[in-house]
Amino acid sequence: MYNRRKFIKVSAATASITAFSRSAFARTINSIEPSGFPIVISTWNFGVDANKEAWKTLEKGGRALDAVEAGVRIPEADMNNHTVGRAGYPDRDGHVTLDACIMDEFGNCGSVAAMEDIAHPISVARLVMEKTPHIMLVGDGATQFAVEQGFKREKLLTPESEKAWKEWLKTAKYAPVLNIEDKQHAPGNQYNHDTIGMLALDAKGNISGACTTSGMAFKLHGRVGDSPIIGAGLFVDNEVGGATSTGVGEEVIRNVGSFLVVELMRQGYHPEDACREAVNRIIKKKPDTAKQIQVGFLAINKKGEHGAYAIQPGFEYAVCNSQTQDLLIKGKSFY
Ligand code: SD4
């Protein structure tokens with residue numbers, strides 16, 4: 001239940017968040033940026049370029065749904081990105097299987113999971129939403145639907161991904177890294193990040209969200225994480241706001257994480273406090289597991305106030321609005 005005393009305490013603790021820009025004119029701020037809309041936010045530093053693409057739609061007064069789809073297509077197409085889309089790492093059997101979902105201001109949603117051979121799962125998810133009576137298509141059925149809709153069928157396993165997979169096969173140990181963007185895991189490659197979750201408020205104040213990933217590298221064939229599951233990896237409610245997640249999806253699904261964050265905001269929590277509470281639930285339920293894994297939540301409310309919170313340090317999110325195009329904010333964490 002909503003605990004007002006705790007809420008005030010937590011709010012006071014949110015006072016300092018550092019942020020920096022990737023541009024030459026980097027700046028640091030000591031509080032969360034002013035809000036308002038239009039605005040787009042997204043997970044990890046590859047969110048900066050994704051947001052810029054989304055902004056092209058938002059600044060013209062376009063719809064948040066179009067903005068988030070266009071935005072997340074950027075990392076989906078990035079051949080240096082091994083955790084989202086086209087060049088994602090495969091599962092343990094060498095199949096690249098992609099997950100994505102999208103949700104609009106009317107509560108419409110669409111999703112694809114464990115889909116192979118199609119580079120832009122987010123656009124397929126949108127068509128599932130718009131052209132079928134269903135919400136989720138998986139595996140061969142998702143690929144078949146995408147091909148029927150005119151998507152190109154292509155083998156997604158890149159030479160780099162194949163090399164990494166063959167290297168992994170030597171030990172075949174499934175051990176998700178805490179933050180895959182750590183330099184030691186991604187030498188010299190600043191675009192090697194995790195799932196992208198994006199939330200946008202358009203000029204009318206309507207909200208939409210998108211989430212897309214290749215999931216955990218070297219997972220069991222057929223494994224689906226939180227990212228394509230409405231309520232887990234993404235949830236938006238046009239009365240309240242939206243939330244999305246990144247990290248070990250199993251723990252997010254267990255707690256219906258993004259739905260939980262939105263419901264906490266409905267009760268009055270600031271987005272960052274709502275994210276913190278969702279993280280706390282994960283830690284409380286599985287304290288030993290939580291020490292070893294990363295989960296981060298990102299949220300925005302209808303005023304355009306935003307915030308994030310993660311289990312481990314290292315989570316960051318990108319913000320783009322009329323004042324700032326390339327802001328990156330370091331999320332706070334439990335540890
Ligand atoms: C999943 N949540 O498949 C995704 C992966 C991810 O940081 O976000 N990794 O569980």
Side-chain angles (χ1 to χ4, degrees), residues 42-47 50 72 75-76 78 81-85 87-92 95-102 111-116 121-122 125 136 138-139 142 161 164 174-182 185-186 189 191-199 209-235 243-261 275 278-279 282 286 289-290 292-299 308-318 331 333:
S42 56
T43 54
W44 303 113
N45 82 6
F46 58 20
V72 304
E76 278 188 346
D78 184 349
N81 187 321
H82 299 303
T83 56
V84 178
Y89 279 161
D91 63 21
R92 70 170 193 178
H95 302 277
V96 179
T97 67
L98 303 181
D99 299 337
C101 74
I102 194 159
S111 160
V112 290
M115 184 176 69
E116 295 183 46
I122 199 63
M136 191 168 200
V138 305
S161 299
Y174 178 71
V177 292
L178 287 181
N179 293 308
I180 205 165
E181 81 284 6
D182 287 353
H185 300 303
N189 183 357
Y191 289 99
N192 193 356
H193 287 255
D194 304 58
T195 296
I196 184 154
M198 177 179 278
L199 303 160
C211 185
T212 176
T213 189
S214 51
M216 289 301 178
F218 318 128
K219 60 200 174 186
L220 283 180
H221 184 57
R223 180 267 186 188
V224 172
D226 58 323
S227 305
I229 297 181
I230 296 296
L234 175 75
F235 194 71
T244 187
S245 63
T246 178
V248 176
E250 282 73 6
E251 302 314 314
V252 178
I253 295 171
R254 250 189 260 288
N255 292 278
V256 200
S258 292
F259 180 73
L260 172 61
V261 171
C275 292
V279 162
I282 291 173
K286 301 234 173 240
T289 306
Q292 325 278 338
I293 62 159
Q294 176 65 302
V295 170
F297 290 104
L298 172 65
Y309 199 80
I311 299 177
Q312 310 286 344
F315 181 41
E316 55 194 1
Y317 71 99
S333 61

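In each ligand, atom 1 is the first atom listed, and ligand 1 is the first ligand listed.
Atom CZ of Phe46 is separated from atom CD of Glu76 by 10.5 Å, given to the nearest 0.5 angstrom. Expressed to the nearest 0.5 Å, how far CD1 of Ile293 lies from NZ of Lys286 amounts to 10.0 Å.
If you number the atoms of ligand 1 from 1 as listed, the ones under 4.0 Å from a heavy atom of Asp226 come out as 1 (C), 2 (N), 4 (C), 10 (O). Residue-ligand proximity, Gly215 to ligand 1, at heavy-atom distances under 4.0 Å covers atoms 3 (O). When each atom of ligand 1 is checked for a heavy atom of Ser227 under 4.0 Å away, the hits are 2 (N), 4 (C).
For Glu251, no heavy-atom contact with ligand 1 is shorter than 4.0 Å.
Contacts of Phe297 classified as ring-ring contact (aromatic ring centres under 6.0 Å, His included), with partners at least two apart in sequence or in another chain: none. For Glu116, there are no salt bridge (charged side-chain N to carboxylate O under 4.0 Å, His left out) partners two or more places apart in sequence or in a different chain.
Taking only nitrogen or oxygen atoms, main chain and side chain alike, Thr213 does not reach within less than 3.5 Å of ligand 1. Residue-to-ligand polar distances place Asp194 within reach of ligand 1: an N/O pair is separated by less than 3.5 Å. In terms of polar-atom proximity, defined here as any N/O pair under 3.5 Å, Thr246 does make such a contact with ligand 1. Taking only nitrogen or oxygen atoms, main chain and side chain alike, Glu250 does not reach within less than 3.5 Å of ligand 1. The shortest N or O to N or O distance between Val248 and ligand 1 is not below 3.5 Å.
Residue Pro228 is tested with Ile122, Thr212, Leu234, Asp99 for a side chain to side chain contact (heavy atoms under 4.5 Å, CB included); the sole match is Asp99. Of the residues Ser227, Pro75, Pro121, the one that meets the side chain to side chain contact (heavy atoms under 4.5 Å, CB included) test with Thr213 is Ser227.
Between atom 4 (C) of ligand 1 and the options Gly233, Gly249, Gly247, the minimum heavy-atom separation is to Gly247.
Remark: the backbone N or O of Gln312 is paired with a side-chain donor or acceptor of Gln294 at under 3.5 angstrom.
The closest approach between a heavy atom of Arg223 and any atom of ligand 1 is below 4.0 Å.
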Query raised in the report: Do Ser245 and Asp226 pass the side chain to side chain donor-acceptor pair (under 3.5 Å) test, and can you show the C-alpha distance, the side-chain angles, and the key distance before you say yes or no?
Result: CA-CA 8 Å; Ser245 63; Asp226 58 323; 2.6 Å; yes
